[in-house]
Peer 1: 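Here you go, one structure.
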Amino acid sequence: MTTGPRDILLVHNGSSRASRDACERAAGILRAGGYRARPLASATPRGLSELLTDTLRRESQAVAAVVAVGGDGMVHLVLQCLDTLNRQGVDLPFGLVPAGSGNDLARHHGVPSQDVERAAGRVLRGLESAPRRTDLLRVECADGTRHVCATAVCLGLDARVNARANRWSRVRASAKYVVALAVDLVSMRARPYHLSWTSPDGSEHNAARDLTLLTLANTSSIGGGLTIVPAADAGDGTAELFMVSDVGPLKFVVSLPRLWLGSHVTLPEVAVEPAVSASVAVSAHATGHSPGGDMAFGDGERLGPLPVTLRVLPAAVQILF
């Protein structure tokens, strides 16, 4: 048996029966593998974040890994804490047991979302294998808040749909995202954006574009399975700036199945630009502001208002999946 830290923190939503059940099952697998599985739970995201931060501050030397048991929102919460610790010189591995409604990070990496035991087994194999790392996205919003994201940062209609979908907590992620999208299609209008981004070769680009969808993607899908960038690679040090021009509601509906199938990238209205950093602002002449609009959402969570600056953090965290 490998010597070293033996505690694995299983971070989950204490008010969710599904998360509690997944945590108990994962803990059994990890204990069978010779580790001390320690559940950490709270009924609120703030309480859970404080609990995890305090635990890591006091006991990080005993921790072998931190595992998010939940969906992309739980991933996002855990990564904020790990990023803070990483900037203080403590680099802890990150594991994932999907148990949420939206599992886009798990989907991208092929982590089984309906098999807790297999997902926990991948954590064990990751701990005993050569280290693997993934990129993250650093986001700074107009209100001064900073975040890291593992999947994608939504900035256009996709962000406004995300805001609406998040209000429907009892509906499965993929279903509520589609329904929210249908609701927003009624009043869908492209918005004018000022964009700048840096390509992997260092070249700088500036553009003013009217766009419907606007996303900086580290992984392939958003909204619980809407595959926007099929070829995304979360470990290549580059993100993809995904842009859809003003297609109008009817054409968008007709093209929607291609988004699910990942065949939309050949459409003339779709542009995908590799980027290592970017900044996005809504034009001062934009009209039709709506509640929740002009906000950035990352990993399905509200981040803050535009304008935003974004950059890729290559190999930012060690992963166990």
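None of these values were measured; they are calculated from a predicted model.
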Peer 1: Does Arg87, at its CZ atom, have more than 12 non-hydrogen atoms belonging to other residues, nucleotides or ligands within less than 6.0 Å?
Peer 2: yes
Peer 1: Has His264 got a side-chain atom pairing as donor or acceptor with Ile228's backbone, closer than 3.5 angstrom?
Peer 2: yes
Peer 1: In Å, rounded to the nearest 0.5 Å, how long is the span from CE of Met74 to CG of Asn13?
Peer 2: 5.5 Å
Peer 1: In terms of side-chain heavy atoms, does His205 have a donor or acceptor partner in Ser199 at a distance below 3.5 Å?
Peer 2: yes
Peer 1: Where do Leu30 and Leu124 land on the side-chain contact (heavy atoms from CB on, under 4.5 Å) test, with the steps shown first?
Peer 2: CA-CA 7 Å; Leu30 298 175; Leu124 287 176; 3.8 Å; yes
Peer 1: Carefully, step by step, assess Leu267 and Val244 under the rule side-chain contact (heavy atoms from CB on, under 4.5 Å).
Peer 2: CA-CA 9 Å; Leu267 295 173; Val244 179; over 6 Å; no
Peer 1: For residues Leu52 and Val66, determine if any side-chain heavy atom of one lies less than 4.5 Å from a side-chain heavy atom of the other.
Peer 2: yes
Peer 1: Sub-3.5 Å donor-acceptor pair from the side chain of Ser19 to the main-chain atoms of Gly70, do we have one?
Peer 2: no
Peer 1: Could you tell me whether a side-chain N or O of Thr134 sits under 3.5 Å from a main-chain N or O of Ala234, the two making a donor and an acceptor?
Peer 2: yes
Peer 1: Evaluate Val11 against Val69 for side-chain contact (heavy atoms from CB on, under 4.5 Å), listing each step before the verdict.
Peer 2: CA-CA 6 Å; Val11 188; Val69 182; over 6 Å; no
Peer 1: Quick one: closest heavy-atom pair of Pro200 and Ala275, and the distance?
Peer 2: CD-N, 4.3 Å
Peer 1: Checking side-chain hydrogen bond (donor to acceptor under 3.5 Å, both in side chains) against Arg191, which of Asp246, Asp210, Asp294 comes through?
Peer 2: Asp294
Peer 1: Kindly indicate whether the side chain of Pro230, heavy atoms from C-beta on, has any atom under 4.5 Å from the side chain of Thr227.
Peer 2: yes
Peer 1: Is Trp197 reachable from Leu211 through a run of hydrophobic residues whose side-chain heavy atoms are each under 4.5 Å from the next?
Peer 2: yes
Peer 1: Any chance you could measure Glu301, atom CD, to His147, atom NE2, to the nearest 0.5 Å?
Peer 2: 10.5 Å
Peer 1: I'd like to know if Arg17 and Asp21 make a salt bridge, using a cut-off of under 4.0 Å between side-chain N and carboxylate O.
Peer 2: no
Peer 1: Which heavy atom of Leu306 sits nearest to which heavy atom of Val280, and what is that distance?
Peer 2: CD2-CG1, 4.0 Å
Peer 1: Which donor-acceptor pairs under 3.5 Å do the side chains of residues 88-97 make with protein atoms, sequence neighbours left out?
Peer 2:
residue, atom, partner, partner atom, Å
Asp91, OD1, Asn86, ND2, 3.4
Asp91, OD1, Arg133, NH2, 3.4
Asp91, OD2, Arg133, NH1, 3.0
Asp91, OD2, Arg133, NH2, 3.1

Peer 1: Give, for atom CG of Leu157 and atom CG of Leu213, the distance between the pair rounded to the nearest 0.5 Å.
Peer 2: 5.5 Å
Peer 1: Do Leu56 and Leu82 have side-chain heavy atoms sitting under 4.5 Å apart?
Peer 2: yes
Peer 1: Atom CG in Asp104, atom OG1 in Thr219: separation rounded to 0.5 Å?
Peer 2: 6.5 Å
Peer 1: Determine, using the 4.5 Å side-chain heavy-atom cutoff (strictly less than), whether Leu9 and Val116 are members of one ILVMFWY cluster.
Peer 2: no
Peer 1: Which donor-acceptor pairs under 3.5 Å do the side chains of residues 308-316 make with protein atoms, sequence neighbours left out?
Peer 2:
none

Peer 1: Which pair of non-hydrogen atoms, one from Ala208 and one from His194, has the smallest distance, and what is that distance?
Peer 2: CB-ND1, 3.9 Å
Peer 1: Under a 4.5 Å side-chain heavy-atom rule over Ile, Leu, Val, Met, Phe, Trp and Tyr, are Leu241 and Val282 clustered together?
Peer 2: yes
Peer 1: What's the separation between atom OG1 in Thr238 and atom CD in Glu273, rounded to the nearest 0.5 Å?
Peer 2: 12.5 Å
Peer 1: Does the distance from a Lys or Arg side-chain N to an Asp or Glu carboxylate O, for Glu50 and Arg57, drop under 4.0 Å?
Peer 2: no
Peer 1: Under a single-linkage definition using a 4.5 Å side-chain heavy-atom cutoff for Ile, Leu, Val, Met, Phe, Trp and Tyr, are Val75 and Val153 assigned to the same hydrophobic cluster?
Peer 2: no
Peer 1: Looking at every heavy atom in both Arg38 and Thr55, which two are closest together, and how far apart are they?
Peer 2: NH2-CG2, 4.0 Å
Peer 1: Kindly give the heavy-atom pair with the smallest separation between Leu155 and Ala296, and that separation in Å.
Peer 2: CD2-CB, 3.7 Å
Peer 1: Return the OG to CG distance between Ser60 and Asp7, rounded to the nearest 0.5 Å.
Peer 2: 11.0 Å
Peer 1: After noting the C-alpha distance and the side-chain angles of Arg36 and Arg31, does the key distance pass the side-chain contact (heavy atoms from CB on, under 4.5 Å) rule?
Peer 2: CA-CA 6 Å; Arg36 290 186 294 269; Arg31 287 168 183 148; over 6 Å; no
Peer 1: Compare all side-chain heavy atoms of Phe321 with those of Arg125 and state whether any distance is below 4.5 angstrom.
Peer 2: no
Peer 1: I'd like to check Tyr193 versus Arg209 (side-chain heavy atoms, cut-off strictly below 4.5 Å). Are they in contact?
Peer 2: no
Peer 1: Hey, is the main chain of Cys81 close enough, under 3.5 Å, to the side chain of Asp83 for a donor-acceptor pair?
Peer 2: no
Peer 1: Shortest non-hydrogen contact from Ser15 to Ala43?
Peer 2: OG-O, 4.0 Å
Peer 1: Identify which one of Ser203, Ser279, Ser277 satisfies the side-chain hydrogen bond (donor to acceptor under 3.5 Å, both in side chains) criterion when paired with Thr198.
Peer 2: Ser277
Peer 1: For a 4.5 angstrom cut-off between non-hydrogen side-chain atoms, does Val139 reach Val148?
Peer 2: no
Peer 1: For Arg58, does the CZ atom have more than 12 heavy-atom neighbours from other residues, nucleotides or ligands under 6.0 Å away?
Peer 2: yes
Peer 1: For residues Ser220 and Arg107, determine if any side-chain heavy atom of one lies less than 4.5 Å from a side-chain heavy atom of the other.
Peer 2: no
Peer 1: Looking at Tyr35, is Arg6 sitting on its ring face, NZ or CZ under 6.0 Å from the six-membered ring centre and within 45 degrees of the normal?
Peer 2: yes
Peer 1: Would you indicate whether the side-chain heavy atoms of Ser49 and Gln80 approach each other to under 4.5 Å?
Peer 2: no
Peer 1: Out of the candidates Asn218, Asn103, Thr215, Asp299, only one should pair with Thr151 under the side-chain hydrogen bond (donor to acceptor under 3.5 Å, both in side chains) rule; please name it.
Peer 2: Asp299
Peer 1: Between Phe297 and Leu105, is there a shared hydrophobic cluster once you connect ILVMFWY residues whose side-chain heavy atoms come closer than 4.5 Å?
Peer 2: no
